[in-house]
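Below is one structure; the comments refer to it alone.
Order of the sequence lines fixes the chain letters, A, B, ..., with proteins taken first and strands second; residue numbering starts at 1 for each chain.
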There are 2 protein chains.
Amino acid sequence: MPCQPSPRLGRVARVTTQPVPPEPTAPTTAPEDLVARLADLQQDYAALQARGLTLDLTRGKPSAEQLDLSDALLALPGEGVHTDADGTDVRNYGGLQGLPQLRRIFAELLGLPIEQLLAAGNASLTLMYDTLTYATLFGVPGSERPWGQEERVRFICPVPGYDRHFTVCEALGIEMITVPMTPDGPDAEAVAALVADDPSIKGMWVVPTYANPDGSVVSEDVARRLVSMPTAAPDFRILWDNAYALHHLTEDEATSADAVGLAAEAGHPDRVVLFASTSKITFAGAGVAFLGSSPANVAWFSKHLSAQSIGPDKVNQLRHALFFGDAEGVRVHMRKHRDILAPKFDAVIGVLAERLGEVATWSVPRGGYFVTLAVQPGTASRVVELARAAGIALTPAGAAFPYGDDPQDSILRLAPTLPPLDEVRVAMDGVATCVLLAGAERAAD
Amino acid sequence: MPCQPSPRLGRVARVTTQPVPPEPTAPTTAPEDLVARLADLQQDYAALQARGLTLDLTRGKPSAEQLDLSDALLALPGEGVHTDADGTDVRNYGGLQGLPQLRRIFAELLGLPIEQLLAAGNASLTLMYDTLTYATLFGVPGSERPWGQEERVRFICPVPGYDRHFTVCEALGIEMITVPMTPDGPDAEAVAALVADDPSIKGMWVVPTYANPDGSVVSEDVARRLVSMPTAAPDFRILWDNAYALHHLTEDEATSADAVGLAAEAGHPDRVVLFASTSKITFAGAGVAFLGSSPANVAWFSKHLSAQSIGPDKVNQLRHALFFGDAEGVRVHMRKHRDILAPKFDAVIGVLAERLGEVATWSVPRGGYFVTLAVQPGTASRVVELARAAGIALTPAGAAFPYGDDPQDSILRLAPTLPPLDEVRVAMDGVATCVLLAGAERAAD
């Protein structure tokens, strides 16, 4: 592996009433102090276990309270309402590229011409998988041959990153190389150095806005560098998974860089394929996913899609269009999510600052669904194990790394959105106890 | 190609008030008589053109009247209704295999254990494409290697057949071999002879009930032969596309052979993968698709699906479960479709019998969405061209054959479901004029 993972956490500022955490680049350690506290911490942990908790901080799922915000969808479009603004009967077959009435709303929000944005089924993950499957079987515009006929295909994965991205690569036999994340997104210089000479590197993953899991936001400079850097592969693709484009936790709302537009300006119009969805806007399992890219990529994707589908569920797309009304309707809706989520993130950061200031560092995200917690090297797996034994489910250590391999065993992903606020506080207090105990155990070793 | 296409049309009986057509195996010709009528027919055609029609018999789409039967879905599940019978919140992520409440209904209708039936998105076409994509990339249970690493992969396509099946094969580089249809389904002896010695033949398409387009129904004997025949390929698959399982046009309702069960009995449990959907039960573009097969195939499909999806749209699945209530609810609903469709098919058969008895043959389906019309060899393309110029859109000649190649240029697929009944009569009368004129032109040649 030419580039070892070396995670740095975002240090984005956030309006919060909680104490600002220490510089979140690498966990500081206080081994002697911890060793002295080992017996106390073991007692704390025994007390935690005795509570018999059943709490879950594993996945980035919306809470029932968030899902309730979209309950009007459950009775939409309403009996007798089955034509869109253009007069199309949405109940019947057809319309491979999705309903214009909904694409128009999200084209505005995502900053793309409507012709360059497809609306699809309920999962952007499926669009990403299909993009890489089509690439493997047929190649992309600019490919010399199908990727599956190359001796080796590799992808750059910024770490920490999203485990389902890694799963798609692994499923399709795409090898993964890591680069570190920075507060401004992936380390663009490290990426540029890798791709300059190696034609087997065919692409990379980017979660540009409020990244999963470290919350960082790709700066305009980093975006420009990624879309303009020379690549040895003529068919290099950036899979720009803008899953949290509108998912602000503060009033200081990040604006996503217009990667598709910047790529065209830089003379690489086909480099970026953007993905988004309403999974964390309306219903996680019953939303609408989007794919945006250059005209050539959209034509390429549509051509292959036409053998696989006659068209997406247009009734669900009309349902969403009527629910939102327009782009502003989506923005207003997202503020209701913020009102529910911000206190949960404040609670997480509050507990971390109060209890772990000396022994761990963490991200303070302005948006998205996760907090990244960096504990003392070599203890992340033990923290997960201790938490599990105390009834608190955490994402497995290593999940934010390809092949599940966190070389420092230090990164934990916390997902505080699903449980109610009081449970988040209880769970985080338990996690803090586990982090301290794991650190003390290691220091005493 | 080891087996030349040699289409024979179904001769299934049908309760109808219309005259029974002549034996529909090959068109009889009456060239001398036709030549004499050429001038009259040219006048008829000029009159037809002068009417300036715009009619469409191209695709098997439900009519607006049929879609209206399911309009209650447009307001279901209803505000506040978001848990299924097991208490699952259908709005959130998860449930890769689909909602048990809906799978239970269709497991009963399709004759499979619920564990062997997945409920998915809005298109069985996508499930078929994904099945063959997974086979190409990874192989199926029993494969020695991914199909994409075989020198050559071939599929048997009974003809006439469904053009979208052929498109999937062509997209994935699977070569197609044809066998004739019989009134009892594909010519099983021809299939058995082909697959016995040739390991490159990895599978076949079957539309078992009311086949697209000839309406034939696979008999229990044919089904047994197909699932028990020895195959040189250890991983031979029958893609059993039961799209019209419940789509009866008469009270003489066909029962689909239980291919998955018969295959298990025959010692080839993994041979059959069944597909179905509610596309022609509820909404063509917004229904639910199903995949049913052996436990090993279902586990195989689910494993690969898990990299592509977190789960299907469970809200839509609950919507359907509430709409139907139970399996009997589906059967009752299908009778309403029959009431709308049977008169259209009667009109088609009526016009054909009245005007083309001497020069063409056709299927008389007991169910499904199509009538197959066999015109005089060498004239099908000309019929489509004449019809188009008179404002009547027909499915392209050859569409029912792989690569669009009908070697006899004689088979037309008529799709009378979409237009209102009076338009079906007008369109069919126009088609009859075109068939006669094309025949007369050819006879005079």
Side-chain angles (χ1 to χ4, degrees), chain A residues 59-64 67-68 70-82 89-95 121-123 125-126 128-130 133 136-138 146 148 164 167-168 170-173 279 282-287 304 306-316 319 418, chain B residues 59-64 67-68 70-82 89-95 121-123 125-126 128-130 133 136-138 146 148 164 167-168 170-173 279 282-287 304 306-316 319 418:
Chain A
R59 303 290 325 171
K61 282 184 169 184
S63 64
L67 297 168
D68 287 347
S70 303
D71 251 16
L73 281 174
L74 296 170
L76 283 173
E79 278 203 55
V81 182
H82 48 66
D89 190 332
V90 295
R91 301 169 302 180
N92 223 324
Y93 286 118
N122 75 326
L125 180 65
T126 302
M128 297 177 217
Y129 183 96
D130 289 351
T133 298
T136 300
L137 290 169
F138 314 118
R164 288 190 185 272
T167 303
V168 173
E170 209 167 348
L172 295 172
S279 293
T282 58
F283 294 152
H304 295 299
S306 73
Q308 187 177 13
S309 170
I310 305 178
D313 181 342
K314 298 187 299 300
V315 174
N316 202 34
R319 189 175 286 130
L418 184 65
Chain B
R59 303 288 330 169
K61 282 184 171 184
S63 65
L67 297 169
D68 287 346
S70 304
D71 251 15
L73 280 175
L74 296 169
L76 282 172
E79 279 203 55
V81 182
H82 47 67
D89 189 332
V90 296
R91 301 169 301 181
N92 223 324
Y93 287 117
N122 75 324
L125 180 65
T126 302
M128 297 177 217
Y129 183 96
D130 288 351
T133 298
T136 300
L137 291 170
F138 315 117
R164 288 190 184 271
T167 303
V168 172
E170 209 166 349
L172 295 173
S279 293
T282 57
F283 295 152
H304 294 300
S306 72
Q308 187 177 14
S309 170
I310 305 178
D313 181 342
K314 296 186 301 298
V315 174
N316 201 35
R319 190 176 284 129
L418 184 65

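- Per-residue heavy-atom pair counts under 4.5 Å with chain A were compared for Gly285(B), Gly287(B), Gly311(B), and the maximum is reached by Gly285(B).
- Top candidate by heavy-atom pairs under 4.5 Å with chain B, chosen from Leu418(A), Thr126(A), Leu172(A), Asn316(A), is Thr126(A).
- Across Asp89(A), Ile310(A), Val168(A), the residue that shares the most heavy-atom pairs under 4.5 angstrom with chain B is Ile310(A).
- Heavy-atom distances place the side chain of Tyr129(A), and not its backbone, under 4.5 Å from chain B.
- Only the side chain of Arg319(A) comes within contact range of chain B, with at least one heavy atom under 4.5 Å from a heavy atom of that chain.
- Interface remark: Ser70(A) contributes no atoms to any contact with chain B (heavy atom separation under 4.5 Å).
- Thr133(B) has its side chain out of reach of Gln308(A): every pair of non-hydrogen atoms, C-beta onward, lies at least 4.5 Å apart.
- Taken from CG in Leu137(A) to CG in Leu137(B), the straight-line distance is 4.5 Å, to the nearest 0.5 Å.
- Neither the backbone nor the side chain of Ala123(B) comes within less than 4.5 Å of any heavy atom in chain A.
- Residue contact with chain A, scored on non-hydrogen atoms closer than 4.5 Å, is absent for Thr282(B).
- Residue Leu74(A) forms a side chain to side chain contact (heavy atoms under 4.5 Å, CB included) with just one option from Val315(B), Val90(B), Val81(B), Leu76(B), and that option is Val315(B).
- Checking side-chain atoms of Asn122(B) against main-chain N and O of Ser309(A) turns up no donor-acceptor pair under 3.5 Å.
- Between Ala171(B) and Ala307(A), the shortest heavy-atom contact is CB-CB, 4.0 Å.
- The closest donor-acceptor contact from the side chain of Asn92(B) to the backbone of Pro62(A) lies under 3.5 Å.
- With chain B as partner, the option from Gly121(A), Ala64(A), Ser306(A) having the largest number of non-hydrogen pairs under 4.5 angstrom is Ala64(A).
- The two residues Gly60(A) and Tyr93(B) make their nearest non-hydrogen contact at O-CE1, 3.7 Å.
- Residue Asp71(A) holds its CG atom at 5.0 Å from CZ of Arg91(B), rounded to the nearest 0.5 Å.
- For Asp68(A), the parts sitting under 4.5 Å from any heavy atom of chain B are the backbone and the side chain alike.
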